[in-house]
Amino acid sequence: MSGERYNPREMEPKWQKVWDDARSFVSSNDDPREPYYVLEMFPYPSGRIHMGHVRNYSMGDVVARYYRAKGRNVLHPMGWDAFGLPAENAAIERGMNPGIWTRQNIEAMKAQLKSMGLAIDWTREIATCEPDYYRHQQAMFIDMLAAGLVTRKKSKVNWDPVDMTVLANEQVIDGRGWRSGAVVEQRELTQWFFKISDYAEELLEALDGLTEWPEKVRIMQRNWIGKSEGLRLLFELEPGQTTAASSIEVFTTRPDTIFGASFIALSPDHPLTSELAAGNPALAEFVAECHRHGTATETLEKGEKLGLFTGLRVKHPVIEGATLPVYVANFVLMDYGTGAIFGCPAHDQRDLDFARKYDLPVIPVVLPLVHTEAGYADADPDAFISKMASETEAYVGPGKIFNSGFLDGLEIEAAKKAIAAHFAARKVDGQAQGTVEVNYRLRDWGLSRQRYWGAPIPIIHCEVCGTIPVPKKDLPVVLPDDVSFDKPGNALDHHPSWKHVNCPQCGGAARRETDTMDTFVDSSWYFARFTAPDADTPTIPAIADRWLPVDQYIGGVEHAILHLLYSRFFTRAMKATGHVGLDEPFKGLFTQGMVTHETYKSPAGEWVPPTEVVVETNGEQRTARHIRSSEPIAIGSIEKMSKSKKNVVDPDEIVASYGADTARWFMLSDSPPERDVQWTEAGVEGASRFQQRVWRLVGETIDLAKQSSDIVHGSDDDEAKTLRKAVHRAVHHVGADIEGLRFNRAVAQIYELTNALVRGAGLVSAAPAARLDALQQGVERLVQLIAPMMPHLAETCWQALGKPGLVTDAPWPEVDPALLVDDTVTMPIQVNGKRRGEITVAKGTPAAEVEKLVLSMDEIARILDGKAPKKIVIVPDRIVNVVV
RNA sequence: GCGGGCGUGGUGGAAUGGUAGACACACCGGACUUAAAAUCCGGAGACUGUAUAGUCGUACGAGUUCGAGUCUCGUCGCCCGCACCA
């Protein structure tokens with residue numbers, strides 16, 4: 001049988017059918033074995049899989065197949081994140097119904113995924129656009145509403161005045177609508193929110209427990225939640241002003257710099273600003289100006305600070321008789337803190353920029369430490385004050401408070417405490433002037449989308465009864481199929497009859513909510529639905545709790561914040577409403593890198609796809625030309641595969657020409673999985689060659705066994721022993737590397753083992769009785785090691801070797817610990833830290849004996865040249881270092 | 001600006017503080033072949049014209065250590081995330 005090439009095109013569909021028929025990857029909720037849940041982020045059904053999917057699902061599949069072999073009850077499901085804008089765009093551009101378009105895409109992508117030979121339990125497949133899925137989401141929304149986890153409030157949206165539609169943030173490009181090009185306006189709509197901010201502290205604290213998450217993702221979430229501790233502080237208005245208000249409340253994290261305050265600034269959206277603008281045309285114009293610039297990126301990037309004096313003045317809270325001017329400033333945000341600040345220019349960069357522009361006082365109150373010959377010392381106050389008088393950089397470092405009355409001499413933290421106590425004891429408008437407060441950057445999660453293709457929010461608006469949830473017995477609220485997209489705006493809203501219903505409470509005429517849910521809601525619980533995909537309730541809590549949390553979740557970093565944070569919140573909300581019994585959905589998280597490719601450009605400057613380019617290597621030189629026209633092609637930089645740069649490689653074509661195993665193997669080899677991988681023709685060729693190499697090795701082994709069918713196996717000779725050791729080492733390391741998701745290292749181990757086995761096969765004929773058994777066993781183990789990565793090849797080899805059953809069902813090989821250790825060890829010998837030789841001794845040789853041996857060595861004596869060693873460091877079994 | 005990460009041969013990358021460059025790709029040489037492909041064997045960090053020898057070498061500069069790619073400090077460069085959050 002040797003000499004015959006392995007044909008993946010023939011074998012891959014064959015084995016896929018065998019696994020299907022045997023229901024190999026269907027997992028049972030009743031299986032008593034220890035569960036293991038591995039999940040890759042489910043795809044949006046765009047219609048075609050891309051190399052990023054291949055990489056993502058290859059990794060998950062290795063984990064799934066490995067833990068199956070280790071005897072765990074593995075859950076490895078797949079579904080579709082099927083709601084979202086592209087379906088509506090297809091409807092508008094091609095006149096296709098979003099549902100039909102989406103379901104066609106799902107079928108096409110499913111076929112592609114199946115051709116990869118993934119160990120997926122397809123019986124649990126779910127698509128978020130199906131009423132069977134979103135009815136449960138609607139039910140949970142109602143539960144969460146009842147539990148006080150949902151609220152309704154006004155919020156701004158991006159409004160495209162030409163298309164008459166609400167735009168998502170990513171549809172706003174440089175302040176204009178992506179389709180119409182019209183300048184986008186901000187409009188206020190009443191929308192639904194999940195009260196995720198109520199969980200800010202808990203979501204923050206629980207991050208510490210997610211030890212199997214990348215540190216990077218945890219930091220990103222921590223920053224996103226953005227906890228800060230500060231003081232709410234009331235500033236009394238001077239009497240006789242143009243407003244009825246008597247005070248302004250600000251939030252600050254630097255109350256210690258209060259003696260350095262030189263102005264108050266209000267957000268353009270502050271209620272007091274609106275009140276004042278009503279009687280002040282210049283201010284009204286300024287506020288309008290700020291709104292126009294609000295979305296324009298140039299303003300943000302330049303960061304120009306603009307403000308307008310309101311004419312109001314407040315009393316300085318700690319300097320008797322002093323007052324501060326009140327400005328409206330473009331850089332003050334309404335939705336953080338109180339929408340008003342006090343400015344201390346000396347110690348805040350923004351405030352300093354503002355002060356320089358409007359010529360406001362700069363009063364230093366924190367004295368930095370300076371480095372002197374004697375060490376660190378306080379800076380000279382007068383010198384610092386005169387330096388700051390013309391300085392353009394604020395001092396934000398540590399130091400001692402000065403220039404600040406009763407705070408003088410305190411460190412910053414102590415001063416914060418002292419000033420907080422001071423203001424807590426004083427009263428303004430009958431309340432404490434200052435209150436310590438913790439603030440979070442995290443806002444509530446607005447889930448309303450003015451879109452057709454999403455899960456309907458199950459609410460009915462009644463003129464009489466108000467906002468009424470749809471009774472659970474009436475769920476699901478199903479999207480109508482007969483919609484048209486010829487009018488701009490929300491097709492659901494335009495539907496002639498859908499929204500007209502009777503109020504479930506009073507029976508009178510009422511109106512359905514026509515907003516649908518953010519698709520992030522869909523993806524915030526699908527992992528739980530997989531545990532009981534046919535249940536009549538959203539979950540079966542006992543079953544969900546047995547599988548969850550997901551042991552290993554794998555996906556792109558682009559979801560590091562929103563999807564993962566929302567899922568963490570939603571799991572808590574599901575717990576609060578009795579749908580699961582746990583807080584954290586994902587125990588282990590892994591974020592894989594992107595797939596990149598070289599870019600190519602024609603002389604005309606157009607991007608050229610790799611399929612139309614021939615790359616030629618001439619020594620060190622690489623040149624490219626067009627496959628048809630032969631015109632020279634410029635080889636450009638390596639970029640993430642994207643349609644716009646045309647540097648994409650279609651997985652279908654790779655599977656058709658090289659087979660799924662080759663694509664999978666290449667995705668796993670070489671590059672560490674968390675880093676970007678570069679797709680290269682040479683790399684794929686190499687993967688394909690390795691596949692053939694394994695196949696030849698198997699064939700050769702079978703031939704050797706046939707030729708030696710009459711020999712009696714004797715005991716191992718040294719070659720056989722060496723081979724067995726190599727095998728056990730490889731089994732050990734590959735297992736550990738897969739568990740640690742170091743697939744590239746697992747691959748390297750397998751290469752090494754293959755090299756050893758090929759060499760071993762060449763040595764069998766000389767002594768078959770002593771060596772054949774070791775080879776055969778080694779090749780069998782090799783097949784098992786590659787099975788999680790190249791499962792089709794592995795099955796073919798397994799069968800050829802005459803092994804019963806499927807390698808997919810074979811238990812992971814056991815490691816004999818005795819074969820992992822050598823009885824001798826080679827220790828390098830260093831002289832003054834430089835390697836000068838080595839010595840091979842029995843393992844565990846005592847240091848004293850090693851020292852004697854080393855000093856008696858000629859080469860060492862030569863290097864020492866008669867000098868006596870000052871010290872000899874010996875780490876047993878590791879290294880010798882002679883210090884002269 | 002703030003936060004995080006990274007910097008190792010021609011390339012992707014290995015290396016619990018202990019022999020730097022495993023493994024692979026590309027390259028070069030040889031074998032087989034009429035020839036090519038495929039395959040097999042071998043070479044290879046740089047420099048010292050030779051190499052069983054030596055020197056240098058993990059972005060750069062210091063430091064800790066018997067010993068540093070790995071730890072500490074500083075500099076430079078690249079990448080990512082957040083970005084007027086008071």
Side-chain angles (χ1 to χ4, degrees), chain A residues 3 5 214-224 226-228 230-231 250-255 257 265 267 299-305 329-333 335-344 347-351 353-354 393 396 439-443 557-558 560-561 593 617-620 622 666 669-672 674-678 680-687 689-690 692-693 696 742 744-755 758 762 826-838 859 869-875 877-884:
Chain A
R5 283 178 70 78
E215 184 60 23
K216 175 184 168 162
V217 173
R218 292 194 285 168
I219 289 168
M220 281 164 75
Q221 293 212 351
R222 200 167 287 135
N223 293 341
W224 189 260
K227 181 179 183 174
S228 64
L231 198 67
V250 306
F251 176 73
T252 179
T253 56
R254 291 298 301 274
T257 63
S267 163
T299 325
L300 287 175
E301 267 163 26
K302 264 197 281 174
E304 193 184 4
K305 307 284 180 288
N330 66 343
F331 65 93
V332 182
L333 305 174
D335 47 9
Y336 187 80
T338 62
I341 60 156
F342 82 76
C344 174
H347 304 293
D348 183 285
Q349 192 56 48
R350 292 156 305 183
D351 297 347
D353 294 346
F354 192 76
E393 232 171 273
V396 293
N439 248 301
Y440 299 90
R441 225 181 63 122
L442 181 68
R443 314 275 159 72
V557 235
E558 65 272 22
I561 298 173
T617 312
N618 192 348
E620 306 274 288
R622 289 176 76 244
F666 178 54
S669 48
D670 288 350
S671 288
E674 69 280 7
R675 251 184 259 180
D676 289 354
V677 63
Q678 192 193 344
T680 62
E681 191 69 12
V684 187
E685 293 282 355
R689 269 202 303 274
F690 177 69
Q692 298 295 346
R693 190 160 193 244
R696 273 197 313 277
R742 298 178 295 262
N744 58 319
R745 292 204 343 206
V747 165
Q749 292 290 340
I750 291 173
Y751 274 124
E752 225 162 320
L753 175 60
T754 308
N755 291 341
V758 166
T826 301
M827 297 166 70
I829 303 166
Q830 298 179 335
V831 176
N832 288 338
K834 278 184 188 163
R835 185 178 177 278
R836 295 296 174 176
E838 58 182 38
E859 42 192 309
K870 202 182 290 173
K871 182 177 175 187
I872 300 179
V873 181
I874 294 172
V875 183
D877 296 343
R878 295 225 69 123
I879 201 163
V880 180
N881 193 4
V882 182
V883 186
V884 219

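Note that the structure is a prediction, hence the values are computed from the model and not measured. What's counted below: heavy atoms across the whole structure, side chains too, no hydrogens, waters or symmetry copies. Chain letters run A, B, ... following the sequence lines, proteins first and then strands; every chain starts at 1.
Among the protein residues, A/Arg443 comes within range of the nucleic acid bases, having at least one heavy atom under 4.0 Å from a base atom. Here A/Val880 lies out of heavy-atom contact (under 4.0 Å) with every strand. Counting any heavy atom pair closer than 4.0 Å across all strands shown, A/Asn744 reaches sugar-phosphate atoms only and no base atom. No contact: A/Ser669 has no heavy atom under 4.0 Å from any strand. Contacts of A/Tyr751 with the nucleic acid, taken as non-hydrogen atoms under 4.0 Å apart, involve only primed sugar atoms and P, OP1 or OP2. If you check every strand for non-hydrogen atoms under 4.0 Å, A/Arg222 touches nothing. If you check every strand for non-hydrogen atoms under 4.0 Å, A/Leu333 touches a base.
In RNA chain B, runs of at least 3 consecutive Watson-Crick or G-U pairs, each pair with both distances below 3.5 Å, span B:1-7 with B:76-82, B:10-12 with B:23-25, B:27-31 with B:39-43, B:45-48 with B:53-56, B:59-63 with B:71-75.
Remark: A/Lys871 pairs with A/Val873, A/Val883 by the side chain to side chain contact (heavy atoms under 4.5 Å, CB included) rule, at least two apart or across chains. Take A/Lys216 and apply the salt bridge (charged side-chain N to carboxylate O under 4.0 Å, His left out) test, not counting sequence neighbours, and it matches no residue. Every residue meeting the side chain to side chain contact (heavy atoms under 4.5 Å, CB included) condition with A/Ile879, not counting sequence neighbours, appears here in chain and number order: A/Pro828, A/Gln830, A/Val875. Partners of A/Arg835 by salt bridge (charged side-chain N to carboxylate O under 4.0 Å, His left out), not counting sequence neighbours, listed by chain and number: A/Glu838. Qualifying side-chain hydrogen bond (donor to acceptor under 3.5 Å, both in side chains) partners for A/Glu752, counting only residues two or more places apart in sequence or in other chains: none. Taking A/Phe690 as the reference, A/Trp665, A/Tyr751 meet the ring-ring contact (aromatic ring centres under 6.0 Å, His included) condition, with sequence neighbours excluded. Shown here are the salt bridge (charged side-chain N to carboxylate O under 4.0 Å, His left out) partners of A/Arg218, two or more places apart in sequence or in another chain: A/Glu215. By the salt bridge (charged side-chain N to carboxylate O under 4.0 Å, His left out) test, A/Arg443 pairs with A/Asp335, sequence neighbours left out. Scanning for side-chain hydrogen bond (donor to acceptor under 3.5 Å, both in side chains) contacts around A/Asn744 gives an empty result, with sequence neighbours left out.
The shortest distance between the side-chain N/O atoms of A/Ser228 and the OP1/OP2 oxygens of B/rA86 is below 4.0 Å. At B/rA86, one or more side-chain N or O atoms of A/Tyr336 fall inside 4.0 Å of OP1 or OP2 (strictly under the cut-off). Regarding contacts with the backbone of B/rC56, a side-chain N or O of A/Lys834 is found under 4.0 angstrom from either OP1 or OP2. The shortest distance between the side-chain N/O atoms of A/Arg835 and the OP1/OP2 oxygens of B/rG54 is not below 4.0 Å.
Both A/Pro672 and A/Met827 sit near RNA chain B, but only A/Pro672 has its closest nucleotide nearer the 5' end.
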Expected rows: protein N/O vs nucleotides 5-8 of chain B N/O, under 3.5 Å:
none

Pairwise N/O distances under 3.5 Å, protein to nucleotides 63-71 of chain B:
from	atom 1	to	atom 2	distance (Å)
B/rC66	O2'	A/Asn881	ND2	3.1
B/rC66	O2	A/Asn881	ND2	2.7

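Nearest nucleotide to the A/Trp224 side chain, out of B/rC23, B/rA83, B/rC25: B/rA83.
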